[in-house]
Amino acid sequence: MKILENVIANKNLLFTDASTGASTPVGTLYRSLGLNPVEKGLIFLYNDNQVPSIEVLLNFYGTAHAIAVLGQKLHPEFKERLEAEYRPKYIFDPSRDEVQGYSLKEFSETVKIFAKEDYQPEVTIHPDIKILLSTSGTTGVPKLVKLSDENLYQNAVSILQYMPILESDVVPLNVPINFVYGFSIFTTNCMRAGRIVCTDKDIMQKAFWDEMEEYGYSTLGGVPYLYENLNRIGFFRKDSTSLRYMTHTGGVINAELRKTLFNYCLEFDKQFFAQYGQTEAGGRMAYLTTDGLLEEETSIGTPVHGGSLQIDSETDELLFLHSSISGGYANKLEDLSTYEQPKLLHTGDTGRRGENGLYYITGRIKRIMKLFGIRLNLDEVEFILKNELEGNTVVCLNGNDKKIIVLYNNAEIDPEIIKETIKNKLRINPQYVHTEHIESFPLSQNGKINYPLLQNLQHENI
């Protein structure tokens, strides 16, 4: 288990409970539950980024079990459907007092796990499957990505080639580890940093900033929407002395915000890493350093060490090659018997390679609409509007190929500016643009704007 071996090798690593301040060395935490290392099965770990969740993850990582890392706040019906489909041997879920067909076993003073009664293995889980993570953006019962220890290790090693992690760093788990970005933050920092602070607080909560001041966080991570909100509340106008660098993934950052981030880093001696990744590749696939924020267009930068990017000549789809590419998907228990790793990953994003050698995302294959025969990339429309509106958040949706729907959450925005911008930049008559103010954008569990939900709500109104 290369990931665990490298985490254990970081002998000075501490895990701190943000709410109590109590710290536990990695050498104690990873073997605290007395598990049988050769026992094999499937465990559902419903994560909340607090110490018991991390303790269960590290302990089970050192066994032959496959671990499905899921969000503790999943709807109860989703949990029941998942458990009925996969019938795991163990379930860790502190939010529940009982699970039908399972008995609650006490593994330590702080960790209790549901064990399946009269468990009988139904399939032989492929030995390469170590971690199962849900793909982002799914609805209903999530599709799970099958990741091996080698996938995760190779991705972590690639990231450590450019990420400036120091043994003195104090790292908050503000991104849930049940998302691949959060899991990647967790593994890379466990291999190099000095302290991991386990917290269930969100960056937009005051309690998080109190914890940051108390523990002296060295880094922050988030999706574009988070940085847009930080900009709105004036975070980038003053220094946070302990903060050394920030990371981002999950979409492009608009031009105005990029300038703000660059100036903030320049003035206060910080670093910013804009990154691109997908669950199917174990985490992060490409990165852009602080200087790249001044690029005229939004770039995802260059591929991580050991990887390469290609553009499909027919579809313009971005393709990724790396040893971190996963072994396929699981929709049911039987799918865990196989692990088939492809040579390249079809990202579903369209892109291009610039003359400077950097790569650029031009949109999603599914975010294309035809307005009276005119092909429009909604991501590009959104990007144009964000730049024109000084970084304000907007969402563009397809109105049945008859109109562009533009949603915005800042009541001070004049909707006529939106229509005029689309008219001037794209030569589209304003009568085919529908604008609508929304109080707040619904977010998926990984903190990204929930486009599928917004699209479905708009279809109901059309």
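All values below come from the heavy atoms of this structure, side chains included, with hydrogens, waters and symmetry mates left out. Starting from 1, each residue takes its place in the sequence as its number.
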Flag yes if more than 12 heavy atoms outside [X] fall under 6.0 Å of its [atom1] atom; otherwise flag no.
{"X": "His305", "atom1": "NE2", "value": "no"}
{"X": "Gln161", "atom1": "CD", "value": "yes"}
{"X": "Glu213", "atom1": "CD", "value": "no"}
{"X": "Glu98", "atom1": "CD", "value": "no"}
{"X": "Glu420", "atom1": "CD", "value": "yes"}

#### Entry: Pair Glu83 + Arg96, salt bridge at N-O below 4.0 Å
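Salt bridge present between Glu83 and Arg96.
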
Donor-acceptor under 3.5 Å ([X] side chain, [Y] main chain):
{"X": "Asn59", "Y": "Val56", "result": "no"}
{"X": "Gln278", "Y": "Thr347", "result": "yes"}
{"X": "Asp169", "Y": "Val171", "result": "no"}
{"X": "Asn49", "Y": "Leu173", "result": "yes"}
{"X": "Tyr408", "Y": "Thr435", "result": "no"}
{"X": "Thr187", "Y": "Phe183", "result": "yes"}
{"X": "Thr16", "Y": "Ser23", "result": "no"}
{"X": "Asn387", "Y": "Ile384", "result": "no"}
{"X": "Asp149", "Y": "Ile3", "result": "yes"}
{"X": "Arg87", "Y": "Glu85", "result": "yes"}

### Query
Could you go step by step and tell me if Tyr90 and Phe60 meet the ring-ring contact (aromatic ring centres under 6.0 Å, His included) rule?
CA-CA 11 Å; Tyr90 295 110; Phe60 275 86; 5.7 Å; yes

Student check: side-chain heavy atoms of [X] and [Y] closer than 4.5 Å:
{"X": "Tyr339", "Y": "Lys130", "result": "no"}
{"X": "Gln271", "Y": "Pro164", "result": "yes"}
{"X": "Leu454", "Y": "Val395", "result": "yes"}
{"X": "Pro430", "Y": "Ile422", "result": "no"}

#### Entry: ring pair (Phe, Tyr, Trp, His ring centres under 6.0 Å) partners of Phe268, counting only residues at least two apart
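Phe268 satisfies ring pair (Phe, Tyr, Trp, His ring centres under 6.0 Å) with Tyr264 only.
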
### Query
Does Tyr61 have any ring pair (Phe, Tyr, Trp, His ring centres under 6.0 Å) partners at least two apart in sequence or in another chain, and if so, which?
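So Tyr61 forms no ring pair (Phe, Tyr, Trp, His ring centres under 6.0 Å) with any residue.
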
### Task
Apply the test side-chain contact (heavy atoms from CB on, under 4.5 Å) to residues Leu82 and Ile91: give CA-CA distance (whole Å), side-chain angles for both, the deciding distance (0.1 Å), then the verdict.
CA-CA 11 Å; Leu82 273 169; Ile91 296 173; over 6 Å; no

To the nearest 0.5 Å, tell me how far [X] [atom1] sits from [Y] [atom2].
{"X": "Leu293", "Y": "Ile253", "atom1": "CG", "atom2": "CD1", "value": "7.0 Å"}
{"X": "Ser148", "Y": "Ile325", "atom1": "OG", "atom2": "CD1", "value": "11.5 Å"}
{"X": "Ser323", "Y": "Asn151", "atom1": "OG", "atom2": "CG", "value": "7.5 Å"}
{"X": "Arg195", "Y": "Tyr217", "atom1": "CZ", "atom2": "OH", "value": "10.5 Å"}
{"X": "Lys386", "Y": "Asn392", "atom1": "NZ", "atom2": "CG", "value": "10.0 Å"}
{"X": "Phe441", "Y": "Thr393", "atom1": "CZ", "atom2": "OG1", "value": "6.0 Å"}

### Task
State which residues pass side-chain contact (heavy atoms from CB on, under 4.5 Å) with Glu80; sequence neighbours excluded, sorted by chain then number.
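So Glu80 forms no side-chain contact (heavy atoms from CB on, under 4.5 Å) with any residue.
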
### Message
Going by side-chain contact (heavy atoms from CB on, under 4.5 Å), name the residues that satisfy it together with Lys89, two or more places apart in sequence or in a different chain.
### Response
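Testing Lys89 for side-chain contact (heavy atoms from CB on, under 4.5 Å), a comparison that skips the adjacent residues, returns Glu39, His65, Tyr119.
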
### Message
Please evaluate residues Ile233 and Met204 with respect to the criterion side-chain contact (heavy atoms from CB on, under 4.5 Å), reporting the C-alpha separation (whole Å), side-chain torsions for both, the decisive distance (0.1 Å), and the verdict.
### Response
CA-CA 10 Å; Ile233 64 175; Met204 299 312 294; 4.3 Å; yes

### Qualifying residue for side-chain contact (heavy atoms from CB on, under 4.5 Å) with Leu318, from Thr350, Ile311, Leu345
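The option that passes is Ile311.
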
Nearest heavy atoms of [X] and [Y], plus distance in Å:
{"X": "Asn254", "Y": "Phe383", "result": "CA-CE1, 3.9 Å"}
{"X": "Leu42", "Y": "Leu336", "result": "CD2-CD1, 3.9 Å"}
{"X": "Leu132", "Y": "Lys146", "result": "CD2-CG, 3.6 Å"}
{"X": "Ala286", "Y": "Val304", "result": "N-CG1, 3.8 Å"}

### Query
Under the salt bridge (Lys or Arg N to Asp or Glu O under 4.0 Å) rule, what pairs show up with a residue in residues 257-284, not counting sequence neighbours?
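Sorted result for residues 257-284: Asp239-Lys270, Glu256-Lys259.
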
### Task
Would you check, one step at a time, whether the test side-chain contact (heavy atoms from CB on, under 4.5 Å) holds for Leu166 with Ser218?
CA-CA 9 Å; Leu166 301 177; Ser218 308; over 6 Å; no

### Task
Measure the acute angle between the ring planes of Phe44 and Tyr46, then classify it against the limits of 30° and 60° as parallel, tilted or perpendicular.
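Phe44 and Tyr46: perpendicular rings.
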
### Task
Determine the interplanar angle of the Tyr227 and His248 rings, folded into 0 to 90°, and report it as parallel if under 30°, tilted if 30 to 60°, perpendicular if over 60°.
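Judged by the thresholds at 30° and 60°, the geometry between Tyr227 and His248 is perpendicular.
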
### Task
Check the side chains of His346 and Glu317 for a donor-acceptor pair under 3.5 angstrom, ignoring hydrogens and angles.
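Side-chain D/A pair, Glu317 to His346: present.
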
### Message
Going by ring-ring contact (aromatic ring centres under 6.0 Å, His included), name the pairs with one or both residues in residues 276-300, residues two or more places apart or in two chains.
### Response
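Checked against ring-ring contact (aromatic ring centres under 6.0 Å, His included) - neighbours excluded - the pairs reaching residues 276-300 are Tyr162-Tyr287.
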
